[in-house]
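First comes the structure, then the notes that go with it.
In this chain, numbering begins with 1 at the start of the sequence shown. Just so you know, ligand 1 is whichever comes first in the structure, and atom 1 is the first atom listed for that ligand.
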Amino acid sequence: MTELLFRDDAYATEFEAVVLAVEPGKVVLDRTLFYPEGGGQPGDTGVLTLPDGRELRVSDTRKGAATDEVVHMLADAALVLTPGMRLSGRLDWERRHRLMRMHTCLHLLSAVIIAPVTGGAVGDGYGRLDFDLPESPEREEVQEKLAALIAKDAAVAFRWITESELDARPELVKTMSVQPPRDRGQVRLVEVEGIDLQPCGGTHVRRIGEIGEVFISKVEKKGKQNRRVRLEFPQAAATIT
Ligand SMILES: [Zn+2]
């Protein structure tokens with residue numbers, strides 16, 4: 001099991017850890033700040049530094065087979081690693097911060113468009129949510145409402161509730177396609193003060209003013225009851241897929 005340090009502090013960028021298990025191209029640590037791909041948010045990238053100063057590039061991070069097991073995908077073979085070895089890790093912070101900004105922005109989008117969310121994804125500089133909606137929302141109106149929310153610079157906080165408390169309040173679960181993360185009978189609720197409250201295991205900015213400028217690049221019809229809303233940061237216009 002890996003201690004998930006990013007859950008307690010999404011702003012920490014460096015950590016010390018011990019190697020638990022190694023396979024070619026993969027390493028599991030006893031603790032990590034690297035967020036594993038999940039809930040529509042991509043896995044973190046960064047660097048692991050060995051005691052002798054050698055650096056290993058982490059090209060992606062995934063969930064392992066066991067609960068809370070995080071697998072760091074290494075760009076080079078990990079043959080130099082052995083269980084018990086101490087090392088330090090460092091995130092590609094600028095990328096992670098962009099992912100946190102976009103991920104948090106999708107919480108706001110789900111508060112602007114009042115409809116069940118059927119899917120979503122975050123990329124570096126862009127993101128999208130799918131809504132169970134028969135009519136397309138008006139692009140400029142959504143963009144204006146989103147900008148007005150961001151300007152409020154509300155705080156983002158989280159707290160844990162029990163699974164039975166969540167089950168008693170099913171309206172909190174907005175995303176029908178993603179089950180909320182559960183951890184030993186507890187579920188993490190993320191609250192954008194006065195704007196949004198839902199279970200989420202991702203990483204978020206502390207205040208929504210950090211999201212900055214964002215625009216709706218497209219509203220697409222994806223089936224009779226499905227509307228896909230795409231968001232981008234201005235500087236990332238070339239990266240959308
Ligand atoms: Zn979230």
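In this structure, T82 and V19 have side chains that are not in contact, with every pair of non-hydrogen atoms separated by 4.5 Å or more. Looking at heavy atoms from C-beta onward, V18 lies in side-chain contact with R86 at the 4.5 angstrom threshold. T104 is not listed as a side-chain neighbour of T203, based on a closest heavy-atom distance of 4.5 Å or more.
Annotation: R57, atom CZ; neighbour count of heavy atoms from other residues, nucleotides and ligands within 6.0 Å is above 12.
Partner of D44 under the salt bridge (Lys or Arg N to Asp or Glu O under 4.0 Å) criterion, out of R96, R62, R90, R98: R96 alone.
Side-chain N/O atoms of D92 and T45 include a donor and acceptor closer than 3.5 Å.
The number of protein N/O/S atoms found under 2.8 Å from the Zn ion (ligand 1) is 4.
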